[in-house]
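Each remark here refers to the structure printed beneath this line.
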Amino acid sequence: MKLVSLLAMFIIAGFMFTGIGKLHLPGDPAGNSNVFSQRSSEKTDTANISTMDDYYLRNGQMETGSNNIVTSVVFDYRGFDTLGEAAVLFLVVTSISMLLFSIIKGKDLEETVLTDSDGFPAGMTRIVSIGTVLMLPIIMAFGAYLVIHGHLSPGGGFQGGAVMATGTALLVISSFVVRNLQKTYKLFSFFESLGLTVFIVTGFAGMGISFLHNFLANNDGSFLGKVIPLGTNPGFLNSGGILPILSTAVGIEVFCGISIILVLLSRALNARGSQKGGHKC
Amino acid sequence: MLSIFLYVTVVSLLILSITSVIYKRNLIKLVIALNIAESSVNLFFITLAYRPDSTAPIFTLAPALQELRMVLPSPQALILTNIVIGFATTALMLVLAVITYKNNGTLDIRKLKGVEDHD
Amino acid sequence: MNGKIIDLIIKPEIGIVWIPLLLVAVFFVFMVVFHVWGRKFFRNDYNENSDQVKPYNSGNLDEVNYSVKSSNLYWGFKKSMDRYFDIMKKFHDGDLNNYAKWFVIVVAACFLLIGGGLL
Amino acid sequence: MTFSVVLSILCAVILITAVLSILFRDLMAAVVSYAVFGLVMTVIYFMLDAPDVAIAEASIGAALTVCIFVIAIRMTRRREE
């Protein structure tokens, strides 16, 4: 058994290393690499295009009104895929809270936090506490910036939500534990559900043509529908159609989901630490 | 030259992680190994999307339209969501490991082998 | 539908063509064949009008809280597939490393079968 | 040329940190090594013109994953037996 598995590992490694030679070089993917020089000023121009990515690159800006092509692929062309990913995150958060509440089990929820003379939590050094207080607004503002400017600069719902959840992680490791777990959990859970609901409702709003149809883009300057010029531009915040809405919804969902995971884990750690010798229960 | 380094790194990480899933016994070490496998797949997709002498697929502050070359956007979009989902599944695996430790007092796979299920 | 049916499946310029309806038809043919052939080997003492069809409750029936586990619903199925389960039980020894080893062995076999012609 | 050299050095660092995070018997040291792995992976993503992925990997691979790993190790045991 051991020898057979070792042999199988060598076979797999040999096939993979041999398969490297069959791959195309990076920098030489299929398709036309210079897709913009023959671009006409129409909304959709498919001349001389052979691959899907070249279609996205050439038409993504005009069709969705977003400067960031990655965001337009994530939330517009492949928005249904993103809905599935958001549902997976929701499901994972649900199962984690179901599993961890069996450890927490209602005790230790109203625990009072030990504080030192200045009101900072005891346990960590003062450097961590003051650093948390100083850094938290900056991290939250940066995450919100990433969410809101997702269609103009690198960023979007997933990255911005993760950066904002880093702030929660900072709170958790510096022992600013949450006073009332039940209330916090309900708040985060409500906003997480709200994010997913807004995503689905926005998807159904364009149902006249298709699910997740970008019905707000290029509407001559009405709500989020500014027509942007072709090519390089400084970026306009009120462009993009439904992309900023979906981005904000996903950002809220990711932030609240990861925060639920972190808060529940830290609370389970505290509940475990309070009962000594719990190795065999 | 560039391709050799990146692809060899991807394959080496994948082989390393599969080998450690086979031969390591600690559950948390297994989670780390699966994370490394996921990172290698992410790196593989980003490598496939790369074009030299080009910019990121963002038009804000990009060069002028005539000499503009961009990397492929859709592998980046796929990997972007995969990273967040990878974090969520990592958290789920860790919680399952913690509950296994709470019930059995060990993280060793071979000691968990004799645990009979009580239906 | 004038040509032979093999011309619909294998086209020399493309290769083998994927026809879902044909697969469904083949599935039904296989189902009928296995149904007819399998009745010789499965248990044929099933009688609908006897006490066989009632659930079997062991132990003291005066207890209020007796219950039948849901896994017992498939008792006959498991009993008649005994030879198959005896073989499969040897592989399930509860060791996570061994499951990963089986996975790797199967993947290597698939590589040898499918990918051998590519290199 | 400089690009290739820097990228190959980063690939070597990635391989070293991945091997170390498997080999360390102390799980906390393994997790710290994995954090370095995620950080260097962020730089590689940025050099390969994927800033979106780089931001996500920086916040998740280098910060949040390490946070939950540390909490899980504190809830179980630190040494690999």
Side-chain angles (χ1 to χ4, degrees), chain B residues 1-2 4-6 8-10 12-13 16-17 19-20 24-29 31-33 35-36 39-40 42-43 45-47 49-52 54-58 70-71 73 75-77 79-84 86-87 90-91 93-95 97-98 100-102 105-108 111, chain D residues 1 3-15 17-19 21-25 27-28 30-31 33-34 37-38 40-42 44-61 63-81:
Chain B
M1 208 55 195
L2 186 61
I4 297 301
F5 283 121
L6 287 169
V8 167
T9 308
V10 166
S12 307
L13 287 179
L16 173 73
S17 68
T19 313
S20 48
K24 279 289 173 180
R25 298 191 292 171
N26 193 303
L27 275 178
I28 291 182
K29 217 35 133 8
V31 179
I32 293 179
N35 266 311
I36 289 174
S39 292
S40 82
N42 295 349
L43 183 58
F45 270 64
I46 297 298
T47 309
Y50 179 67
R51 280 170 175 157
S54 50
T55 60
I58 297 163
M70 281 182 174
V71 299
Q76 294 191 11
I79 293 312
L80 182 58
T81 51
N82 184 28
I83 288 176
V84 178
F87 170 77
T90 304
M93 283 190 281
L94 283 177
V95 168
V98 163
T100 305
Y101 183 79
K102 185 173 176 290
T106 180
L107 280 177
D108 197 339
K111 288 181 188 166
Chain D
M1 188 58 203
F3 184 78
S4 293
V5 169
V6 173
L7 206 55
S8 53
I9 290 172
L10 289 180
C11 287
V13 173
I14 271 189
L15 281 177
T17 50
V19 170
S21 70
I22 297 296
L23 286 185
F24 274 137
R25 309 290 289 182
L27 285 176
M28 209 65 95
V31 167
S33 179
Y34 180 73
F37 175 85
V40 179
M41 196 64 109
T42 304
I44 286 187
Y45 287 155
F46 188 74
M47 288 180 71
L48 292 180
D49 285 330
D52 293 273
V53 185
I55 292 170
E57 176 75 24
S59 61
I60 284 182
L64 291 173
T65 308
V66 178
C67 185
I68 59 169
F69 265 115
V70 167
I71 290 176
I73 289 170
R74 278 190 63 191
M75 284 170 87
T76 56
R77 70 175 56 177
R78 182 167 173 172
R79 304 263 334 160
E80 191 178 342
E81 62 232 82

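Residue numbers begin at 1 in each chain, while the letters A, B, ... track the order of the sequences. Since we're looking at a predicted model, the values are computed, not measured.
For the options D:Ile71, D:Ile73, D:Val53, heavy-atom pairs under 4.5 Å to chain B are most numerous at D:Val53. Among B:Thr55, B:Val8, B:Leu27, the residue making the largest number of heavy-atom pairs under 4.5 Å with chain D is B:Thr55. Listed options B:Thr19, B:Thr106, B:Ile58, B:Leu94 were ranked by heavy-atom pairs under 4.5 angstrom with chain D; first place goes to B:Leu94. Annotation: maximal heavy-atom pairing with chain D below 4.5 Å, among B:Ser17, B:Gly86, B:Ser20, occurs at B:Ser20. Considering only heavy-atom pairs separated by less than 4.5 Å from chain D, the leading option among B:Ile32, B:Val71, B:Val31 is B:Ile32.
Residue B:Asn82: no heavy atom, backbone or side chain, is found under 4.5 Å from chain D. For D:Ile44, the part sitting under 4.5 Å from any heavy atom of chain B is the side chain, from C-beta outward, and nothing else. Neither the backbone nor the side chain of D:Met1 comes within less than 4.5 Å of any heavy atom of chain B. Residue B:Leu43 touches chain D through both its backbone and its side chain, counting heavy-atom pairs closer than 4.5 Å. With a 4.5 Å cut-off on non-hydrogen atoms, D:Phe24 touches chain B through its backbone but not through its side chain. For a residue to count as touching a neighbouring chain, one of its non-hydrogen atoms must lie under 4.5 Å from one of that chain's; by this rule D:Leu27 touches chain B with the side chain only.
Just one of D:Leu7, D:Val6, D:Val5 meets the side chain to side chain contact (heavy atoms under 4.5 Å, CB included) condition when paired with D:Ile9; it is D:Val5.
Proximity of a side-chain donor or acceptor of D:Thr65 to a complementary backbone N or O of D:Ile60 within less than 3.5 Å is detected. A donor-acceptor distance shorter than 3.5 angstrom exists from the side chain of B:Gln76 to the backbone of D:Asp49, with no hydrogens or angles considered. With hydrogens and angles ignored, the 3.5 Å screen pairs a side-chain donor or acceptor of B:Arg51 with a backbone N or O of B:Met70.
A distance of 11.0 Å separates CG of B:Asn42 from CG of B:Leu13, quoted to the nearest 0.5 Å. Remark: D:Tyr34 OH to D:Thr17 OG1 distance equals 10.0 Å, nearest 0.5 Å. Atom CD1 of D:Ile14 sits about 11.0 Å away from atom OG of B:Ser12, to the nearest 0.5 Å.
Below 30°, between 30° and 60°, or above 60°: for D:Phe3 and B:Tyr50 the angle between ring planes is below 30°, a parallel geometry.
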